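Worksheet: the structure to be examined is printed underneath.
The model shown is predicted, which means the values in this text are computed figures rather than measured ones.
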Amino acid sequence: MPDDYGYNLWFLVILNSAIFIIFAFSFVKPRTKPDWRAFGGFSAFVIALFTEMYGFPLTIYFLSGWLGSRFPDLNLLTHNSGHLWQDLFGWQGDPHLNPLHLLSNVLIFAGFILLYQAWRILYAAQREHRLAVTGIYARMRHPQYLGFLTIMFGFLLQWPTILTLIMFPILVVVYHRLAKREEKDMTAGFGDDYLDYARRVPAFIPRLRPNKTSPGPNRPHGPDTR
């Protein structure tokens, strides 16, 4: 077995999955079935990612014939060889410092910042029984979903696997449908106030300048709650 064999490390699979899932849970605090679906999809993605990163390298085994013929000197059973972009682009040095890996770290960090900003505004709005339309919610209607997708895309860029490549577009569709369902609930609860907010503020692509939107009358929820 090679000295830097990086798999069958199931403790690291559990530890890393738990850290990211608990960290995300502390921001979104799911309550309803749609909340749990969104959080569950994110959790499944994270577990699948770290399972291949430290547990069983399914993608490496699946591509071993092609990788072995193209890179005959590559030791496929080492952790560093699991950084496929490093192998495919022929980059030298520490794979954790290649451009795509560094970009992935930025995206993951940005996604968690987005989750935090969304949770902070949403929590305040819920306590005051009003629509959440300030801060990040003045720039987009669904920052929590975008935060989840940004984190997952960052992980996908960092360590692409067959399973996560399949899961990501499915989760994009799931989050889009959850957002549409959520907007129907918000329209039913807030009426014209929410419709006016939705006309002014885009769903997922943030405005560079926030719109000044009236919070509307006191109601019990915010745009990212059901």
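Counting heavy atoms of neighbouring residues, nucleotides and ligands inside a 6.0 Å radius, atom CZ of Phe168 exceeds 12 of them. Around the CZ atom of Arg177, the shell of radius 6.0 Å holds no more than 12 heavy atoms that belong to other residues, nucleotides or ligands. More than 12 heavy atoms of other shown residues, nucleotides or ligands fall within 6.0 angstrom of atom CG in Leu97. Within 6.0 Å of the CZ atom in Phe204, the count of heavy atoms belonging to other residues, nucleotides or ligands exceeds 12.
If you chain together hydrophobic residues whose side chains sit under 4.5 Å apart, Ile14 and Trp159 never meet in one group. Taking hydrophobic clusters as Ile, Leu, Val, Met, Phe, Trp and Tyr residues chained together by side-chain heavy-atom distances below 4.5 Å, Phe20 does not share a cluster with Ile113. By the rule that hydrophobic residues join a cluster once side-chain heavy atoms approach within less than 4.5 Å of another member, Phe109 and Val106 end up as members of separate clusters.
Between Ala48 and Met167, the closest heavy-atom pair is CB-SD, 4.0 Å. The two residues Ala132 and Ile121 have their closest heavy-atom pair at CB-CG2, 4.1 Å. For the residue pair Phe148 and Ala24, the shortest heavy atom distance occurs at CE2-CB, 4.1 Å. When all heavy atoms are compared, the tightest approach of Arg200 to Pro202 is O-CD, 4.1 Å. Ser17 and Ile47 make their closest contact through OG-CA, 3.8 Å (heavy atoms, listed as atom of the first residue, atom of the second, distance). The two atoms that bring Ala203 and Met140 nearest to each other are O-CB, 3.7 Å, heavy atoms only.
Not one N or O on the side chain of Asp196 forms a donor-acceptor pair closer than 3.5 Å with the backbone of Asp192. When atom types are taken as modelled, the side chain of Asn105 and the backbone of Leu102 share no donor-acceptor pair closer than 3.5 angstrom. Put simply, the side chain of Tyr197 gets close to the backbone of Tyr137: a donor and an acceptor are under 3.5 Å apart. In this structure, the side chain of Arg37 does not engage the main chain of Val174 through any donor-acceptor pair within 3.5 Å. Using a distance-only test at 3.5 Å, with no hydrogens or angles considered, a donor-acceptor pair links the side chain of Tyr175 to the main chain of Ala38. Looking at Arg141, its side chain does come within 3.5 Å of a backbone N or O of Val201 through a donor-acceptor pair. Checked by atom type and distance alone, the side chain of Thr59 pairs as donor or acceptor with a backbone atom of Ile162 at under 3.5 Å. Thr187 contributes a side-chain N or O that, together with a main-chain N or O of Glu183, makes up a donor-acceptor pair within less than 3.5 Å.
Taking CH2 of Trp119 as the reference point, atom CD of Gln144 lies at 10.5 Å (rounded to 0.5 Å). Between the CG atom of Leu107 and the CG atom of Leu114 there is a distance of 11.5 Å, given to the nearest 0.5 Å. The structure places CG of Leu149 at 11.0 Å from NE2 of His176, a figure rounded to the nearest 0.5 Å. In this structure, CZ in Phe45 is found 12.0 Å from CD1 in Ile21, a value given to the nearest 0.5 Å. Interatomic distance, Asn16 CG to Met53 CE, rounded to the nearest 0.5 Å: 7.5 Å. Note: Phe62 CZ to Ile60 CD1 = 12.5 Å, rounded to the nearest 0.5 Å.
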Please step through ring-ring contact (aromatic ring centres under 6.0 Å, His included) for the pair Phe50 and Phe155, ending with a clear verdict. CA-CA 10 Å; Phe50 285 115; Phe155 277 131; 5.8 Å; yes
Tell me, with the steps shown, if Arg199 and Leu195 meet side chain to side chain contact (heavy atoms under 4.5 Å, CB included). CA-CA 6 Å; Arg199 282 192 294 267; Leu195 289 174; 4.0 Å; yes
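Looking at Glu182 and His142, their side chains come closer than 4.5 Å, going by heavy atoms from C-beta outward. Considering only heavy atoms from C-beta on, Leu163 stays 4.5 Å or farther from Thr51 through its side chain.
For Gln86 and His101, the side-chain atoms include no donor-acceptor pair closer than 3.5 Å.
Between His96 and His83, the angle of the ring planes goes over 60°, which puts this pair in the perpendicular group of the 30/60° scheme. Taking the six-membered ring where tryptophan is involved, the planes of Phe25 and Phe39 are perpendicular, since the angle between them exceeds 60° and thus also 30°. In this pair, Phe112 and Phe23 present their aromatic rings tilted. The plane angle is within the 30 to 60° band. Using cut-offs of 30° and 60° on the angle between ring planes, the pair Trp91 and Phe89 is parallel.
For Tyr61 and Phe56, the distance between ring centers is under 6.0 angstrom.
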